[in-house]
Amino acid sequence: MGGESPAKGRGWQGAAAALIAIVLVAGVILILGGRDDPAPPADHAAPSTGGSSAPADEDTGACPRTKATDQTPSAAPVVTWGLVEGLALPVSESAGPHRTDGDVAKCYAHSPEGALIAAVQISSRMVVAEDWATVMREQVLMDDVEGLIEQRETYEKDAPDVAPAPGELGQVAGYQWVTATEDLVVVDLVHRFEGDRLQVSTVTMRWQDGDWRYVGDGKSQPKSIKTLSGYVPWSGVA
């Protein structure tokens, strides 16, 4: 990228540094050009447009029940990619998300495919959705969620207008299954950055209370890779 973007001029890099804790929870580095050093970037994606329609309990807000399976699909999931604030996020008619309440996309299929789509949706929304705090409270499993929320809210009071430039956004490019059971799925997600740079991060999803939750243990560190060899190509952006 040539020169300093207006977003950087407003202090986006400072915001990224302040959100390192959130990045470690999400595990997926989506912005700031996919640098080799994973510490400065922040996990960035956009609030997705809703999900496909599926019956849900209108009175209780519960997700529709789906049959559990641990079978990983042999090919990339067939999805519709919604481009929101420059980020392409997947929605599947069969695997979800089947419901969106505000910025919380939920009700995924009880399957590895549902977990994969949930991983992309949740890791994106928990960082830049307008109501990211609710996303974290409802869909992220980790110690001291409220502490991280308070830390971020404190920072944003001092730097409310920071935002990434379009070239700093990383798009989903592929994935690789690590392990899958009915209630726990681990997957490597690959993101592509400007200049055709690639990063891979390991994401853990757990089925809890009738839907997939993002396990934020802070242990996963993204790493650079040279090609998609060994990964399943999967992207909404050419």
Side-chain angles (χ1 to χ4, degrees), residues 26-28 30 43 45-56 63-100 103-127 129 135 139-140 169-192 198-208 210-215 220 222 225 227-238:
V28 182
L30 300 181
D43 179 351
S48 171
T49 56
S52 56
S53 60
C63 294
R65 294 182 180 181
T66 60
K67 184 177 180 180
T69 178
D70 61 1
Q71 296 300 306
T72 57
S74 57
V78 176
V79 298
T80 298
W81 295 90
L83 192 64
V84 183
E85 295 187 18
L87 261 287
L89 301 180
V91 176
S92 165
E93 290 188 4
S94 60
H98 293 299
R99 182 170 179 171
T100 302
D103 283 321
V104 178
K106 59 186 180 180
C107 297
Y108 299 92
H110 194 171
S111 66
E113 182 174 333
L116 172 63
I117 295 171
V120 177
Q121 288 275 355
I122 296 172
S123 66
S124 300
R125 291 167 176 269
M126 66 182 285
V127 176
V135 176
Q139 297 186 296
V140 177
L169 300 176
Q171 301 284 355
V172 174
Y175 67 90
Q176 180 185 64
W177 301 110
V178 177
T179 186
T181 67
E182 289 187 357
D183 295 332
L184 187 71
V185 172
V186 181
V187 62
D188 285 341
L189 286 180
V190 181
H191 288 81
R192 187 187 305 275
L198 300 171
Q199 278 191 347
V200 60
S201 298
T202 301
V203 176
T204 300
M205 303 296 294
R206 183 182 300 276
W207 185 266
Q208 181 170 304
D211 210 356
W212 288 108
R213 316 290 171 176
Y214 200 109
V215 179
S220 176
I225 58 175
T227 72
L228 279 173
S229 177
Y231 297 90
V232 180
W234 190 53
S235 178
V237 177

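In what follows, every heavy atom counts, from backbone to side chain, and hydrogens, waters and symmetry copies are set aside.
Residues Q139 and A105 come closest through the heavy atom pair NE2-O, 2.8 Å. Of all non-hydrogen atoms in T72 and A180, the two that sit nearest each other are CG2-CB, 3.8 Å. In plain terms, the two heavy atoms of P112 and T69 that are nearest each other are CD-O, 3.3 Å. Taking every heavy atom of both residues into account, L189 and L116 meet most closely at CD2-CD1, 3.6 Å. M205 and A115 get closest at one heavy-atom pair: CG-O, 3.7 Å. Pairing each heavy atom of A68 with each of E182, the nearest pair is CB-OE1, 3.7 Å.
For the pair V178 and V187, the minimum side-chain heavy-atom distance is 4.5 Å or more. Using a 4.5 Å heavy-atom threshold, the side chains of L198 and Y231 count as separate.
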Item to complete: Could you please spell out the steps behind the side-chain contact (heavy atoms from CB on, under 4.5 Å) verdict for R99 and D211?
Response: CA-CA 11 Å; R99 182 170 179 171; D211 210 356; over 6 Å; no
Fill in: Residues V91, V79; criterion side-chain contact (heavy atoms from CB on, under 4.5 Å); working and verdict
CA-CA 5 Å; V91 176; V79 298; 5.8 Å; no
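For the atom pair CE (M126) and CG (D103), the distance works out to 13.5 Å, reported to the nearest 0.5 Å. One finds the CD atom of E93 at 9.5 Å from the NE2 atom of H98 (value rounded to the nearest 0.5 Å). Expressed to the nearest 0.5 Å, how far CG of D183 lies from CG of D70 amounts to 10.0 Å. If you take NE2 on H191 and CD on Q199, they are separated by 9.5 Å, rounding to the nearest 0.5 Å. Atom CZ of R192 and atom CD of Q171 lie 10.5 Å apart (nearest 0.5 Å).
Residue P97 forms a side chain to side chain contact (heavy atoms under 4.5 Å, CB included) with just one option from L89, I122, I117, and that option is I117.
Scored by the ring pair (Phe, Tyr, Trp, His ring centres under 6.0 Å) test, Y175 finds W177, W234 as partners (sequence neighbours excluded). By the side-chain hydrogen bond (donor to acceptor under 3.5 Å, both in side chains) test, D188 pairs with T202, sequence neighbours left out. Listed by chain and number, the residues in a ring pair (Phe, Tyr, Trp, His ring centres under 6.0 Å) with W207 are H110, W212 (sequence neighbours excluded).
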